[in-house]
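First the proteins, then the strands, lettered A, B, ... as listed; each starts at 1.
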There are 2 protein chains.
Amino acid sequence: MTHISPTRVMLIEDNAEYREVIKLALEDHPEIELTQCHGTAETALRSLYTTSAAARPQLILLDLNLPGMSGLEALPRFRRELPATRIMILTQSDSEADVLRAISRGASGYLLKSASLQQITDGIRDVMDDGASLDKGVAQFILHTLQQKLPKKDLKNLLSERELEVLTLISEGLVKKEIADQLKIGYTTVDTHVGHIYEKLGVRNAPAAVAKAFKLGLIEDLDG
Amino acid sequence: MTHISPTRVMLIEDNAEYREVIKLALEDHPEIELTQCHGTAETALRSLYTTSAAARPQLILLDLNLPGMSGLEALPRFRRELPATRIMILTQSDSEADVLRAISRGASGYLLKSASLQQITDGIRDVMDDGASLDKGVAQFILHTLQQKLPKKDLKNLLSERELEVLTLISEGLVKKEIADQLKIGYTTVDTHVGHIYEKLGVRNAPAAVAKAFKLGLIEDLDG
DNA sequence: ACTCCTGTCCCGTAAACACGGGATACCTCA
DNA sequence: TGAGGTATCCCGTGTTTACGGGACAGGAGT
């Protein structure tokens, strides 16, 4: 919540007018220090080589729509050059593709330019306080996206425990005989389980069963 | 942003003290009208039957840790009874499992009780304004979760276009001969593609290839 | 008591798969 | 020019699947 020294912020924004607005707004906040402003990602990246480690930004406010290298392209580069630096997207685009790409590239926040200055400074504080900050519309879209990718609990009892075990082993590449050995049951038993799995999932072969299981969230796509 | 008539809010919270705090805080806001308070999900659900449609809440503030039926259990019931009503979780638990379960059951927001009253009223406004509201820590966790489930773009060129096409058809349950017919190529060509797919993914059969493709995000788990 | 579901086991056959080999053609990039 | 990747095609052989049938024991629920 409170920081001993102010948070060093770098702003990357091509519109000079909006850049000034932000600059003025952040000047009022003692816990935020806007150390650098750039109009393009290229100059921002170059500046890192002539900036001492102690002066490098702890947070970057990044516009997506930049001349030359886009913010989306620049994002992973900053992440590589400054692994400890948080990146907050501050853009006009609420395009779902942009949002998802920014997240998959490691952004810690996503605010729209329609946000109030208060929301922006709050967002900076939230992000530096080990959190993330999302515009309300973006948050809703993210919730919906995640919802679709989450396991449907009503289907948890569709397959029996044993069947799920067998299906998981199948998805790992084991053939039925190997599964039989590993589970210490007969080959034909595995065969029966598999038959039941197909029936319940409404598919006719193993690859389709695995795909369906992933789509339904029966198998977690975490691990290795 | 502005509503003609105030938003009708129902609060479900077992702690009488905190219930009063919220009640008092919301009284100051003309655009929010706290119409009902309940200490358990059961009484809240029962109250719906004696409430005219016009008086039903537009937003529910729901605690997770309730005596009797938990908030997590109650959530889908409210969603079924009141499909148009948004539900915002307001709880102490920032357990990742609780967060994910609440989202998968259709919550529109997730705030912690450590939130300021200002954040809560802002959150209510955000949610009613067709958005979602997330605590900063919850938002970060959600971003990380989603990040893992998103396609890894660096692997997009791992499989050729044709190979991905073949793999997708395999995941849909087609056997190789059918794939050959559909793509109007020879059976042996499909066979070769499949062999290359296994090689590139480091697997030895079709089910494992499909699983790997899902884990890498090469195949989208959207559609049907 | 009876049915339903689960998990275990068995047989046989036809279809599909995995994998080894090899071939031609195109395009790109070094 | 030559190497590498992609896409197309072919053969053969042994392995694995898919699916039809049937059987039996234990537990849960009606």
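A 6.0 Å sphere centred on CD of B:Gln92 holds no more than 12 heavy atoms belonging to other residues, nucleotides or ligands. No more than 12 heavy atoms of other residues, nucleotides or ligands sit less than 6.0 Å from atom CZ of A:Arg77.
When each of B:His38, B:Lys113, B:Arg19, B:Lys23 is tested with B:Glu13 by the rule side chain to side chain donor-acceptor pair (under 3.5 Å), just one qualifies, namely B:Lys113. For the side-chain contact (heavy atoms from CB on, under 4.5 Å) with A:Arg86, the lone residue among A:Asp130, A:Thr7, A:Ile124 that qualifies is A:Asp130.
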* Is there a side-chain contact (heavy atoms from CB on, under 4.5 Å) between B:Leu174 and B:Gln182 once you walk through the steps? -> CA-CA 10 Å; B:Leu174 278 71; B:Gln182 182 154 336; 3.4 Å; yes
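Residues A:Leu216 and A:Leu158 fail the side-chain proximity criterion, which asks for heavy atoms closer than 4.5 Å. At least one side-chain heavy atom of B:Ser47 sits less than 4.5 Å from a side-chain heavy atom of B:Met10. Taking 4.5 Å as the limit, some side-chain heavy atom of A:Leu45 sits within range of a side-chain heavy atom of A:Met69. In this structure, A:Leu11 and A:Cys37 have side chains that are in contact, with non-hydrogen atoms separated by less than 4.5 Å.
Between A:Asn205 atom CG and D:dC19 atom C1' there is a gap of 13 Å when expressed in whole angstrom units. Distance CZ (A:Arg162) to C1' (D:dG26): 15 Å, rounded to an integer number of Å. Protein atom CG of B:Leu174 is 12 Å distant from nucleotide atom P of C:dA16, rounded to whole Å. Between the C1' atom of D:dA18 and the CG atom of A:Leu201 lies a distance of 15 Å, rounded to the nearest Å. Rounded to whole Å, the distance from CG on A:Leu164 to P on C:dC5 is 19 Å. Across the protein-nucleic acid pair, A:Glu161 atom CD and C:dT6 atom P stand 12 Å apart, rounded to whole Å.
Comparing atom distances between the B:Lys176 side chain and each of D:dA18, C:dT8, C:dA18 picks out C:dA18 as nearest.
Contact check, B:Arg204 against C:dA18: no side-chain N or O comes under 4.0 Å of OP1 or OP2.
Residues from residues 190-200 of chain A with heavy atoms under 4.0 angstrom of DNA chain D, sorted by number: A:Asp191, A:Tyr198. For residues 177-189 of chain B, proximity to DNA chain D is found at B:Ile185, B:Gly186, B:Thr188, B:Thr189, defined as any non-hydrogen atom under 4.0 angstrom from a strand atom.
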